[in-house]
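Notes follow once the structure below has been shown.
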2 protein chains.
Amino acid sequence: MPVADRLSPTSYVVLGTIALRGPSTSYDLKRAVGRSIGYFWHFPHAQLYSEPQRLAELGLLAAETEAQGRRRRTFRLTDSGRAELKAWLAEPTPEHFQMRDIAELKLFFNEVAEPGDVERLAREQIAAHRERIAVYEDMQARYADLDAVAKRMITLRLGLEMEHAALRFWTALVDEVS
Amino acid sequence: MPVADRLSPTSYVVLGTIALRGPSTSYDLKRAVGRSIGYFWHFPHAQLYSEPQRLAELGLLAAETEAQGRRRRTFRLTDSGRAELKAWLAEPTPEHFQMRDIAELKLFFNEVAEPGDVERLAREQIAAHRERIAVYEDMQARYADLDAVAKRMITLRLGLEMEHAALRFWTALVDEVS
DNA sequence: TGTCATACCGTCCGAAACAGACCGTATGCG
DNA sequence: CGCATACGGTCTGTTTCGGACGGTATGACA
């Protein structure tokens, strides 16, 4: 079985992050992911401890145990790790967009569950809309912070785009209904 | 432990769908979900067989076994099931927007991994962009179908919105880079 | 100087979710 | 009749998920 078959998106997040930031401990990864990809894609941190191990066994990472103090391992990319990452980046992406948004789920059931009750529906929409705005403003606040640090983080920009799109959508829907 | 603590988003998908469509078998759910929420939120169908069971044990659904033919169970909402659903719909939504998009992950690592290599980056972007368009057109095609059947499915419209937003984003990025 | 609080760093575990192989049963059709 | 295809459902092994838990530095403050 080729190595690539044993790799998940999480694996590539680890490989990619180490490629970006150089040799890292699991804790480094945890923080790095939390400040970048974590904004739109949640990883339980436990995975960032187990996954590098797995990747090391597959020969894609090399572990160096630091002698001093706490036992912690620094992982760096091996050549085959880098090759694997490059191959993945080069190949076309068959998977397709997925998102999970609880607020939307609620809206969906609200909308169709009681189609006659327009009054109530409108109120629900508006509430959802308000929430969206809050989320979005919260995100913008975080942006201001981050902008100072890393100007062109496309990940975050896309996230913001998506929030905007969702916001516009809810707004239009509220107008339509009210 | 309150019942609500034992419920996941999947649970509410089941409850909500049954609320919408009336008493349903697991297979009904499978089809209904496939044609609505499934477009942007993937559920392995096996869950739509096990989850109603669990909900029945929690007293939120009632199961009726049909005597004739294949053994299949029809589930309907109990009063407490409906109450639970309503409570969930009414409460504010703390969770926050999440999405998983492999293409974006790739872009992210490409962008930052080799910041000097603009030429190559541009090519990668454009390829990603092309792919986006394909995905989006595919989605539009499906829409045309669906529109005839269910005109105002906000779920699908939002999905389309999101695809548009992503598309615009990649396009802008390509322009910026080239 | 002790002790307390608060990061920091990491492990572990039970419960879900996940992917998808697999398996019967109808139904149509050449 | 023989075959293909859709229908309806089960089962299993693996990952992921959340989050509780437990140590260890560090600094603040009495």
Side-chain angles (χ1 to χ4, degrees), chain A residues 1 3-14 23-35 37-38 40-58 63-75 94-96 98-100 102 105, chain B residues 1-15 21 23-35 37-38 40-58 60 63-75 94-96 98-100 102 105:
Chain A
M1 178 146 63
V3 174
D5 290 353
R6 309 202 49 79
L7 302 181
S8 64
T10 306
S11 314
Y12 292 109
V13 168
V14 170
S24 311
T25 66
S26 286
Y27 191 65
D28 293 338
L29 291 176
K30 176 183 166 181
R31 279 180 311 172
V33 166
R35 274 182 291 101
I37 300 152
F40 68 96
W41 185 328
H42 170 75
F43 291 87
H45 68 279
Q47 258 178 96
L48 297 174
Y49 286 87
S50 57
E51 188 64 23
Q53 232 92 269
R54 231 173 58 85
L55 294 174
E57 277 155 28
L58 292 173
E64 283 150 36
T65 304
E66 285 178 22
Q68 103 274 42
R70 322 243 202 122
R71 176 156 54 276
R72 65 160 93 167
R73 252 162 307 191
T74 302
F75 297 94
E95 286 91 337
H96 122 326
Q98 234 191 292
M99 74 179 182
R100 314 206 152 186
I102 307 291
L105 213 51
Chain B
M1 177 145 64
V3 174
D5 291 353
R6 310 200 48 78
L7 301 181
S8 62
T10 305
S11 314
Y12 292 109
V13 168
V14 170
L15 290 177
R21 312 179 23 94
S24 309
T25 66
S26 287
Y27 191 66
D28 293 338
L29 292 175
K30 176 183 167 184
R31 278 180 311 172
V33 167
R35 273 182 290 101
I37 301 152
F40 69 96
W41 184 327
H42 171 74
F43 290 88
H45 69 278
Q47 260 178 96
L48 298 174
Y49 286 87
S50 58
E51 188 63 23
Q53 233 92 267
R54 230 173 59 85
L55 295 174
E57 277 155 29
L58 293 173
L60 305 181
E64 282 150 35
T65 305
E66 285 177 22
Q68 104 274 42
R70 319 240 202 128
R71 176 157 53 275
R72 64 160 95 167
R73 252 161 308 190
T74 303
F75 297 94
E95 287 93 337
H96 121 328
Q98 236 192 289
M99 74 180 179
R100 315 208 149 182
I102 307 291
L105 213 52

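Chain naming here is simple, since letters A, B, ... match the order of the sequence lines and numbering starts at 1 in each.
Considering only heavy atoms from C-beta on, A:H45 stays 4.5 Å or farther from A:Y27 through its side chain. For the pair A:Q53 and A:F75, the minimum side-chain heavy-atom distance is below 4.5 Å. Residues B:L7 and B:L55 meet the side-chain proximity criterion, which asks for heavy atoms closer than 4.5 Å.
Note: CG (B:D28) to C1' (D:dG8) measures 11 Å, nearest angstrom. Straight-line distance from the CG atom of B:L7 to the C1' atom of D:dG18: 16 Å, rounded to whole Å. Nucleotide C:dG10 holds its P atom 10 Å from the CG atom of A:L29, rounded to whole Å. A straight line from CZ of A:F43 to P of D:dT16 spans 9 Å, rounded to a whole angstrom. Atom pair A:R54:CZ and C:dT11:C1' shows a separation of 18 Å (rounding to whole Å applied). At whole-Å resolution of the value, NE2 in A:H42 and C1' in D:dG18 are 7 Å apart. The distance from atom CG of B:L58 to atom C1' of C:dA15 is 14 Å, rounded to the nearest whole Å.
If you check C:dC18, C:dG10, D:dC7 against the side chain of A:R100, the one that comes closest is C:dC18.
Applying the side chain to side chain donor-acceptor pair (under 3.5 Å) criterion to A:S11, with sequence neighbours excluded, gives A:S8, A:E51.
Formation of a donor-acceptor pair under 3.5 Å by the B:R6 side chain with backbone atoms of B:R54 is not found in this model.
Contacts of A:S26 with the nucleic acid, taken as non-hydrogen atoms under 4.0 Å apart, are absent.
Checking the phosphate oxygens (OP1, OP2) of C:dA16, a side-chain nitrogen or oxygen of B:R6 falls inside 4.0 Å.
Mapping A:S8 and B:K30 onto DNA chain D by nearest heavy atom places B:K30 closer to the 5' end of the strand.
Taken residue by residue, residues 46-53 of chain A places heavy atoms nearer than 4.0 Å to DNA chain D at A:A46, A:Q47.
Closest approach of B:R100 to A:H42, counting heavy atoms only: NH2-O, 3.4 Å. In terms of heavy atoms, B:Q47 sits closest to B:P52 at O-CD, 3.9 Å.
On a pure distance criterion of 3.5 Å, a polar donor-acceptor pair joins the side chain of A:H45 and the base of C:dT11.
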